[in-house]
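Notes to accompany the following structure.
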Amino acid sequence: MQAETKERLELMPENAPFESGFNAKIIWGALFVGFIMLPGSIYLGLVSGQSLGGAANWVTIILFVEIAKRTFIKLKTQELLMLYWVSGSLVVMGGKLGTGVQLFGGPFGGLIWDQYLVQSPQARDLAQYFPHWFVPSPMTAEGIATLSKRSFLQHLWLTPILVLAGHVILNRILDISLGYSLFRVTSDIERLPFPLAPVRVGGATALAETSNKKEGWRWRIFSAGAMIGLLYGGVYVVVPTLTSIFMTKTVQLLPIPFADFTENVKSIFPASPLGIGTDLGLIFIGFVLPWRIVFGSFISFVAATVLINPYLYHHGILHSWTPGMSALPTRVSNTLDFWLSFTIGSALMVFFLGLFAALRAARRKHRKSSRETSAIVGEETTLGRYIPDPARGDVPVPFALLIWGLATLGYVLLVKKLVPEFPWIITVFFGFIWTPLNSYIGARLIGITGSGGDMGNIPYLREGSFFLSGYEGAAIWFAPVPMFNVSNTVSIFKEMELARTTFSSYIKMAAVSTLVLLGCSFLFWELIWRLGPIPSAAYPYVNKIWPFHAVFQSFWASSTLPGASSAITQVINPHYVALGFGVGLTLCTFFGLTGISMQYFYAMINGLAAMPFEIIPLFIGAVLGRYYFRKKIGEERWRAYTPILLAGYSCGVGLIAMCAIAVTLIYKAVSQLVY
């Protein structure tokens with residue numbers, strides 16, 4: 001391959017015009033994902049607990065690319081990115097706030113969880129406290145009859161469905177408006193690099209080239225990554241999926257998601273959750289992430305796992321750990337004994353550092369603009385107001401904040417209507433103070449490290465606030481209290497900027513995908529629920545995992561009942577919180593005085609919250625990239641290749657996973673036919 005110039009290695013020229021990516025093709029893409037991909041996502045999640053997000057993203061894009069090539073239609077990078085986001089927004093796996101349970105198949109998956117919870121043995125003592133707007137009551141004959149019919153087409157489900165729809169719409173408005181505002185701060189003012197933002201842009205650019213019948217270097221690199229993904233996905237995804245339906249026991253050629261060595265090293269490193277992830281994609285991510293980020297995370301992982309955990313165990317601090325525990329139970333016990341409190345303190349330190357950096361950057365911008373005679377489009381003026389950039393599709397930040405404020409006010413009024421006894425000031429705090437602050441922490445971490453958007457989430461903040469509020473009852477635990485983190489949306493706006501896509505395109509796409517999501521989620525969960533109870537033996541993942549989560553949600557919901565007690569004060573140790581804050585402050589001061597990049601500091605803090613088995617593959621990828629591939633290929637070319645290689649790998653795994661899921665769904669359909 002001939003050497004590419006710097007201009008060719010760029011994802012898109014900075015002076016390229018901004019273009020809209022929303023049109024009829026995006027609407028057809030949304031309908032395709034909603035009616036074709038969503039049922040597969042539901043099934044895969046129920047059976048294995050895995051998300052179909054990657055498969056839906058790239059299968060949709062490749063399908064539309066191939067159709068475009070055969071109909072002599074050119075697809076732009078902007079359109080392909082819109083297809084990526086619309087498919088991801090429809091089938092991505094998410095969590096139900098306050099439960100820890102992973103859900104899939106759109107918002108009505110949450111109602112399926114709710115109907116299980118109210119009927120579960122774990123929630124038996126809560127039965128009389130479940131509100132009517134949450135789920136039909138299992139304490140009345142009419143409620144029992146409604147639940148037994150396994151259908152949303154019953155009048156008792158009307159109020160829960162309306163509450164759910166209102167929550168989804170308000171959340172989408174809040175997410176976009178606040179995400180845009182924080183993008184203007186972290187990208188336009190602070191100029192954070194967002195190291196992982198080029199991944200999707202690179203993949204879309206590669207596919208746009210082949211759509212235009214210009215299969216350049218991007219397409220070749222993308223194809224190489226896709227072939228690796230196909231081969232590895234066949235071993236990692238296809239074999240377990242197909243053997244689960246054709247054999248009595250699932251066959252895993254590789255342990256999923258990681259190989260656990262905790263019990264093997266318990267005598268040398270007690271209370272240390274050691275394991276290595278078996279997902280090859282982690283190595284590809286290690287190629288992309290900056291060396292400082294990976295190396296800093298690895299250092300904190302080694303320090304915590306190899307040095308600190310054994311020390312804490314021998315001094316009786318990690319008292320819950322016992323020899324014989326595997327990695328995940330070990331991590332849970334260590335978190336409750338020490339690391340939960342410690343990471344709360346370090347997260348507070350990250351927040352205050354981020355707030356200080358933002359204020360300092362804004363002040364510098366203000367001083368600079370004060371010396372200028374005219375305002376610069378897209379920058380801050382002397383009055384502290386943003387002038388919209390007509391090319392990029394910017395709107396004034398005060399207007400975006402006004403929309404966010406109205407959406408948050410809607411949440412406050414909704415919670416007040418549903419749970420009038422709960423102190424409204426707490427809802428105001430979470431909506432107007434905690435959500436923007438928490439999102440800002442996450443946005444800065446993503447902007448600096450590429451990950452760690454949930455680092456600012458203080459564990460048990462929601463539970464502790466409810467318990468200390470003085471409220472007596474259980475309804476507040478099921479209300480849509482506005483505690484959100486919109487840092488991922490900040491990254492999307494950065495990707496749109498890199499792809500020269502107008503911001504209004506994303507707003508239109510979000511509106512269409514939300515409507516399709518509500519309709520298709522209702523339709524397919526209704527059909528699947530009618531086939532049989534959920535969970536049941538037909539769905540092994542949820543049949544095993546959901547009772548575990550039901551225990552904890554029932555426990556927390558019971559903590560605010562009259563006469564109940566809570567274990568919150570036994571879990572969060574203020575001394576360990578102060579220690580975490582102090583260690584973070586010490587490290588920050590050290591890096592500041594020595595001139596060492598602060599990326600190491602953020603990476604070390606982020607490494608404490610990362611899953612241990614993810615760190616080693618990331619480090620292997622970073623070492624291979626830095627000390628082998630970069631020297632062999634050249635630094636500039638390697639940096640241009642890696643995001644596209646990662647995107648291609650994700651595509652390959654998604655394609656092979658979709659094939660396996662299609663076979664599974666056909667088998668399940670045929671096996672239920674009566675001859």
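Side chains included, hydrogens not; waters and symmetry mates left out as well; all remaining heavy atoms used.
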Backbone N/O of [Y] and side chain of [X]: donor-acceptor pair under 3.5 Å:
| X | Y | value |
| --- | --- | --- |
| R462 | W477 | yes |
| D337 | S320 | yes |
| S521 | L518 | no |
| T435 | F432 | no |
| S491 | S487 | no |
| Y411 | V428 | no |

Minimum heavy-atom distance [X]-[Y], with the two atoms named:
| X | Y | result |
| --- | --- | --- |
| R530 | S151 | NH2-OG, 3.4 Å |
| A259 | T278 | N-CG2, 4.1 Å |
| P480 | H167 | CB-ND1, 3.9 Å |
| V516 | A30 | CG1-O, 3.6 Å |
| V419 | A479 | CG2-CB, 4.0 Å |

Ring-ring centroid check F152 W529, cutoff 6.0 Å: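 Judged by ring-centre distance (under 6.0 Å), F152 and W529 do meet the cut-off.
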
Distance flag, aromatic centroids of F484 and F430, threshold under 6.0 Å: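 No, they do not, as the ring centres are separated by 6.0 Å or more.
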
Residue from P436, S177, S181 passing side-chain contact (heavy atoms from CB on, under 4.5 Å) with L401: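 One option only clears the test, and that one is S181.
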
Of F493, Y506, W404, the residue whose pairing with Y180 passes side-chain contact (heavy atoms from CB on, under 4.5 Å):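 Filter result, single survivor: F493.
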
Between [X] and [Y], is any side-chain donor less than 3.5 angstrom from a side-chain acceptor?
| X | Y | result |
| --- | --- | --- |
| D175 | T489 | yes |
| W321 | T330 | yes |
| Q115 | W157 | no |

Any side-chain heavy-atom pair of [X] and [Y] under 4.5 Å:
| X | Y | answer |
| --- | --- | --- |
| Y471 | I426 | no |
| L162 | L158 | yes |
| I446 | V490 | no |
| L111 | V135 | no |
| Q154 | P136 | no |
| W133 | P160 | no |

Exercise answer: donor-acceptor pairs, residues 142-149 side-chain atoms, under 3.5 Å, sequence neighbours excluded:
residue: E142; atom: OE2; partner: H155; partner atom: NE2; Å: 2.9
residue: T146; atom: OG1; partner: E142; partner atom: O; Å: 2.9
residue: S148; atom: OG; partner: I144; partner atom: O; Å: 3.3
residue: S148; atom: OG; partner: A145; partner atom: O; Å: 2.7

The single option from Y129, F422, F466, F134 passing ring-ring contact (aromatic ring centres under 6.0 Å, His included) against F478: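 Answer to the ring-ring contact (aromatic ring centres under 6.0 Å, His included) test with F478 among Y129, F422, F466, F134: F134.
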
F108 and its ring-ring contact (aromatic ring centres under 6.0 Å, His included) partner, picked from W525, F522, F524: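 Among W525, F522, F524, the one that satisfies the ring-ring contact (aromatic ring centres under 6.0 Å, His included) with F108 is F522.
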
Atom pair CE/CG of M325 and D260 - distance to nearest 0.5 Å: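 With rounding to 0.5 Å, CE (M325) is 12.5 Å from CG (D260).
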
From L409 atom CG to L414 atom CG, the distance as rounded to the nearest 0.5 Å: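 Answer for the CG-CG pair, L409 versus L414, is 11.0 Å.
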
